[in-house]
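Scroll down for the structure; my scribbles are underneath it.
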Amino acid sequence: MTDLPSYRFALEQVQPRVSPGGLAREASVAEFPVSTGLSGVSMWLKPGGLRELHWHTNAAEWGYVVAGACRTTIIHPDGRAALDDFGPGDVWYFPRGYGHSIQGIGGEECHFILVFDNGAFSENATFSLSDWLAHTPREVAAACLGVATETLDGLPDGEVYIALGPVPDPRPSPDVPLPVGSRSTTAEHHRYRLLAERPRSFPGGSIRTVSSVEFPISRTMAGAVIELEPGAIREMHWHPNADEWQYYLEGAARMTVFASRGQARTETFAPGDVGYVPMGFGHYIENTGPGPCKVLVAFNSGTYQEIELSEWLATNDDQLVSTALALPTDIVAGFRKTGGFIVRERR
Ligand code: MN
Ligand code: MN
């Protein structure tokens, strides 16, 4: 059956939203109908490019830096604040509703992927500082900011989105004090160095995972980077508790999604493509290219859960599996009992 919707979206083919300091491409449920539980954005910031101060009410934000470097600021509702620098392979998490900003630092453009735990989230409907002030009487804004009304004549007349300013100074040390308004720095760290983690390794590749266990503030989302060697398969599996949103970073892949009722769909993925697997749907990913295949995945639960086919069958006795599959017991006895997850294709 092929009346299933597509689980693939060519994100980097989308016309970007361009601002002075950078650009963004978005995949929400409006563009990618199956992705009801998660949405995503691919953003590029020039050095000094500032995704302006903003917040969003309908989703938390999970970020992964692909290339370059950036700096984020965030305020918590209790007045604590944080400023963190990020490089390739680093992850951030901003709870829903907390005010934050992202700025490109260093000498090259910064590329990162943002994932949100709500398919209806849109980058075009965030609460931006410039938009708010543009729709506030000048006298009110001046009173709140503690300055004379006429000093605000130069405020933008609408949402800036991504401004362009000077590249901020490198921080001389991690002990540099926060700006004067910060009551204290937050103890809840927003940065997790995912690629610095030692991966779980398998004969066909590796995975690095981050959930609220390793990264406590990331209460509603988890993520991983999966690397598949040529000919490797991320084993048939499902996630009982979360939808899965994928961004293909490198290589060539094919993913098949099993939707029950005799329905499955296979699609091919290239770098810049997004994949989506609804909660509980069976799936597997094959590396179909000559080189390594690298996939970023994010989940809309802070708890990472998975069930692998081979592991599941190995917890049932051979007679039961033999009955279920109408195969002789000695064949079932030869099924993989341990060491699945990322396997090599056998010909
Ligand atoms: Mn945001
Ligand atoms: Mn999966």
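Only heavy atoms go into these numbers, but all of them, side chains included; no hydrogens, no water, no symmetry mates. The model shown is predicted, which means the values in this text are computed figures rather than measured ones.
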- Message: The test is side chain to side chain contact (heavy atoms under 4.5 Å, CB included); show your working for Q103 and C110 and say whether it passes.
- Response: CA-CA 9 Å; Q103 188 165 30; C110 183; over 6 Å; no

- Message: Using 0.5 Å steps for rounding, measure from the CD atom of E52 to the CD atom of E159.
- Response: 5.5 Å

- Pair R336 + E308, salt bridge at N-O below 4.0 Å: no

- Item | Test item: Y276 side-chain N/O and G37 main-chain N/O as donor-acceptor pair under 3.5 Å | yes

- Item | K337 with D318: basic N within carboxylate O range, under 4.0 Å | yes

- Note on the structure: Residues A142 and A148: closest non-hydrogen pair is CB-C, 4.0 Å

- Of Y93, Y192, W92, the one forming a side-chain contact (heavy atoms from CB on, under 4.5 Å) with W62 is Y93

- Task: Indicate yes or no for a side-chain donor-acceptor contact from D117 to the backbone of A60 under 3.5 Å, with no hydrogens or angles considered.
- Result: yes

- Single hit among I74, I217, L114 for side-chain contact (heavy atoms from CB on, under 4.5 Å) with F94: I74

- Item | Parallel, tilted or perpendicular, as decided by the 30° and 60° cut-offs, for the rings of H54 and H56 | tilted

- Taking everything shown except R17 itself, do over 12 heavy atoms lie less than 6.0 Å from its CZ? yes

- In terms of hydrophobic clustering (I, L, V, M, F, W, Y; side-chain heavy atoms under 4.5 Å; direct or indirect links), are L11 and Y64 co-clustered? yes

- Task: State which residue, out of V91, D84, T73, fulfils the side-chain contact (heavy atoms from CB on, under 4.5 Å) condition with H190.
- Result: D84

- Measure from NZ or CZ of R234 to the centre of the six-membered ring of F341 and say whether it is under 6.0 Å with the direction within 45° of the ring axis. yes

